[in-house]
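Remarks on the structure that follows.
Predicted model only: the values in this text are computed from it and were never measured.
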Amino acid sequence: MRSLTVFGAIVVFTIIWWLFFFMLLPWGVRREESPDIGHDAGAPVQPYLWRKAAMATILGMVVTAAIWWVIENYLAT
């Protein structure tokens, strides 16, 4: 009898969250055309980190729920 424990679900969610977060980081990045002196030319104008973290959270919850469903319904041995 297999079951995903609370600790296991937290570990799975954390790994999936970081995976999605790093995958979403380059999306929507725009460089500044003429950066000020001392600023990095490759730094994004608006990185939208909160939006990317929220999207990683939603995707992480969906994938974690799917993994839990697969384990609970004995679809994976």
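- Among residues two or more places apart in sequence or in another chain, the side chain to side chain contact (heavy atoms under 4.5 Å, CB included) test is passed with Ile58 by none.
- By the rule that hydrophobic residues join a cluster once side-chain heavy atoms approach within less than 4.5 Å of another member, Ile10 and Ile67 end up as members of separate clusters.
- Transitive grouping of hydrophobic side chains (ILVMFWY, heavy atoms separated by less than 4.5 Å) brings Leu19 and Leu59 into a common cluster.
- Both Leu4 and Trp69 are members of a single hydrophobic cluster when ILVMFWY side chains are connected at heavy-atom separations under 4.5 Å.
- Rounded to the nearest 0.5 Å, atoms CE (Met61) and CH2 (Trp68) are 15.0 Å apart.
- In this structure, the side chain of Lys52 does not engage the main chain of Phe22 through any donor-acceptor pair within 3.5 Å.
- In this structure, Leu24 and Ala56 approach most closely via the heavy-atom pair CD1-N, 3.8 Å.
- For Ala53, the side chain to side chain contact (heavy atoms under 4.5 Å, CB included) partners at least two apart in sequence or on another chain are Trp17, Phe21.
- Of all heavy-atom pairs between Ala9 and Thr64, the closest is O-CG2, 4.0 Å.
- Transitive grouping of hydrophobic side chains (ILVMFWY, heavy atoms separated by less than 4.5 Å) keeps Trp50 and Phe20 in distinct clusters.
- To the nearest 0.5 angstrom, Ile16 atom CD1 is 12.5 Å from Thr57 atom OG1.
- Linking ILVMFWY residues whenever their side-chain heavy atoms come closer than 4.5 Å, directly or via other members, leaves Met55 and Trp18 in distinct clusters.
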